[in-house]
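Both counts, for ligands and for their atoms, begin at 1 and track the order of listing.
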Amino acid sequence: MTVAAPPLTKIPNYIDGRWQDSTASEWQDVVNPATGDALGRVPLSDAQEVAKAIQAASAAYPAWRRTPPQDRIQPLFKLKQLLEDHLHELARIITQENGKTLAEAKAELRRAIENVEVACGIPMMMQGYNLEDVARGIDETMIRQPLGVVAAITPFNFPGMIPFWFLPYAIACGNTFILKPSERVPLTMRRAIELLAETGLPKGVVNLVNGGKAAVDTLLDHPKVRAISFVGSTAVAKYIYSRAGANGKRAQCQGGAKNHVIVLPDADMKMATQIISDSAFGCAGQRCLAVSVAVTVGEAQKIFRDSITEAAASLRVGNGLDEGVQMGPVITAQSKARIESLIERGTHDGAKLLLDGRQAKVSSADNGNFVKPTVLDGVSAEGDLTDTEIFGPVLSLVHAPDLDDALAFLERSAYGNQASLFTSSGSAARRFRYEAPAGNIGINIGVAAPMAYFPFSGWKDSFFGVQHAQGRDAVEFYTEKKVIVERWAAEHSRKF
Ligand code: NAD
């Protein structure tokens, strides 16, 4: 007898302090990329549902804005503890819906928690400044006030971390907040918001709506939404930045990347190999700070080429929940096909395949979207691969005679998310720090991810806006300045 499979769990929205079943007409499966198993059904919420969330956030705003900052951070202290207590459970959800290893999932949650901790400093960070007697008897004061309703739209690759680049700062500053997570990985924030709901946060202060383009467009066009934070691909970042701008909204939009590392001959090659291997292939290359192109200088070429190929070949690929697995699958079957076709294009343009990760077989997970680590040597400067974000476990090697020529590769790139240098020379490091055209710089570091109290500083096509995510930039982004100039006639004070 065959037994019908139970219906897949429908993922609700969180609006006005309640989990609500979506009325969406379109739904999509959430799929475990390591196994192909469906984990749930996510609604592509329509404009009406998103408007309900905006209404709830708008209604909650006046009281939340009047809540003293010291009181606004109390739910965040509780949230920090809940995230600590549920770290393992949340990490498992991340691994199941995103594919990265459990260790990688735990690492991203650590950065999420760090952002909650930093936002707990709002009573200090939100302060303004003042000066007495800017003219005789006149005083001037700058205060920061929240904006109102703000929204964040986030990508698939850090389901548990990226929402926390925004949520804690937005609400600690007195705004009310709407999250639209990636429809490919909605389960992690579903659980995280359940935890947030346990903290006693008033209803409507944080809302979550699942969806895709229609939900995003409603957030972009609704007059009550004052600011948009976005992280995702460059094409969508540009679209969101321009549409938010046309509607008079503040926007910070982090886009795609193509990160370069330069390896000088005086680098510690063993350390460089290990760190660059982790950067290029960790999270299956689906990190916006993943090294994608390694530029070797002079004699570094041969030794690095051999050592990185060996390191890449030794990585254990599989289901991220399995013990000992070092690299998981890529997010979808379409992603796998796209990455494999880019590898093909690279070889067509003259690159030599030192390690080919296509047609990867992972015995424990037949239906997973696996691409194994791939190393291409001698990628042509004019070829498609040089400019295209691959977002998979593929490292391209190019060679330069000196640091000048190596830096020219970085100058040519449209992106500027991260650039790294491996060297033991202080002067080369200083020159690199000074000249490299990217917003996050690593010196002997492979993934130069800023701590929560520093801005996540992409440049060029990797970022559109002024204030970045995290830390002081987040406080600037989520508040507007008000300047008060005051004069009080002296004779009034003599009465008292
Ligand atoms: P994506 O651009 O496809 O999606 C990001 C978000 O935008 C999702 O919530 C999605 O629903 C929404 N979206 C997608 N298409 C849209 C459209 N046409 N109109 C409106 N909204 C739309 O990105 P992704 O594939 O989820 O994430 C991977 C990308 O994110 C990579 O390019 C990566 O480099 C980038 N990324 C950048 C950073 C950074 O800090 N710069 C960090 C992480 C990821």
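Of the listed residues (Lys52, Arg190, Gln20, Glu49), just one forms a side chain to side chain donor-acceptor pair (under 3.5 Å) with Asn13, and that residue is Glu49.
Between Lys80 and Glu117 a salt bridge is recorded (basic side-chain N to carboxylate O distance below 4.0 Å). A salt bridge links Arg111 to Glu114: at least one charged side-chain nitrogen sits closer than 4.0 Å to a carboxylate oxygen. For Glu97 and Arg184, the salt-bridge test fails: no basic side-chain N is under 4.0 Å from an acidic carboxylate O. Under a 4.0 Å N-O distance rule, the pair Arg345/Asp349 does not qualify as a salt bridge. Between Asp221 and Lys249 there is no salt bridge, since no side-chain N of the basic residue sits under 4.0 Å from a carboxylate O of the acidic one. Electrostatic pairing of Asp16 and Arg18 does not count as a salt bridge here, judged by no charged N lying under 4.0 Å from a carboxylate O. Between Asp322 and Arg316 no salt bridge is recorded (no basic side-chain N to carboxylate O distance below 4.0 Å). No salt bridge links Asp387 with Lys258; every basic N to acidic carboxylate O contact stays at or beyond 4.0 Å.
Looking from atom 42 (C) of ligand 1 to the surrounding protein, the closest heavy atom is Cys288 SG, 3.0 Å. Given atom 27 (O) of ligand 1, the protein heavy atom at minimum distance is Pro155 CB, 3.3 Å. For atom 2 (O) of ligand 1, the nearest protein heavy atom (residue, atom name, distance) is Ser233 OG, 2.6 Å. At the top of the distance list for atom 26 (O) of ligand 1, counting protein heavy atoms only, stands Phe156 N, 3.1 Å. Taking atom 37 (C) of ligand 1 as the reference point, the nearest protein heavy-atom neighbour is Gly255 O, 3.0 Å. Here the heavy atom of the protein found nearest to atom 35 (C) of ligand 1 is Gly232 O, 3.1 Å.
Contact annotation: for Phe463 versus ligand 1, there are no heavy atoms closer than 4.0 Å. Using a 4.0 Å cut-off between heavy atoms, Phe391 contacts ligand 1 through its side chain alone, with no backbone atom that close. Counting heavy atoms closer than 4.0 Å to ligand 1, residue Val216 contributes side-chain atoms (C-beta onward) but none from N, CA, C or O. Contacts between Glu183 and ligand 1 below 4.0 angstrom, taking non-hydrogen atoms only, involve the side chain exclusively.
Proximity of Gly458 to ligand 1 is not established, as no heavy-atom distance is less than 4.0 Å. At least one heavy atom of Ile162 sits closer than 4.0 Å to an atom of ligand 1. The shortest separation from a heavy atom of Tyr415 to ligand 1 is not under 4.0 Å, leaving the residue out of contact. Using a 4.0 Å cutoff on heavy atoms, Phe230 counts as a contact of ligand 1.
Residue-to-ligand polar distances keep Ile153 apart from ligand 1: every N/O pair is separated by 3.5 Å or more. At under 3.5 Å, a nitrogen or oxygen of Arg184, whether backbone or side chain, sits near a nitrogen or oxygen of ligand 1. Polar contact check, Thr154 against ligand 1: a nitrogen or oxygen pair lies under 3.5 Å apart. Between Val236 and ligand 1, no pair of N/O atoms sits closer than 3.5 Å. Residue-to-ligand polar distances place Glu389 within reach of ligand 1: an N/O pair is separated by less than 3.5 Å.
In this structure, atom 15 (N) of ligand 1 is in close contact with the protein, since a protein heavy atom lies within 4.0 Å of it.
With Tyr239 as the aromatic partner, Arg243 does not meet the cation-pi criteria of under 6.0 angstrom to the ring centre and within 45 degrees of the ring axis.
Ring pair Trp19/Tyr14 is tilted by interplanar angle, where 30° to 60° counts as tilted. Ring geometry for Phe463 versus His468: interplanar angle under 30°, hence parallel rather than tilted (30 to 60°).
Here atom 17 (C) of ligand 1 lies nearest to Lys213 when heavy atoms of Lys180, Lys213, Gln254 are compared.
Atom numbering of ligand 1 starts at 1 in the shown order; those under 4.0 Å from a heavy atom of Asn157 are 43 (C), 44 (C).
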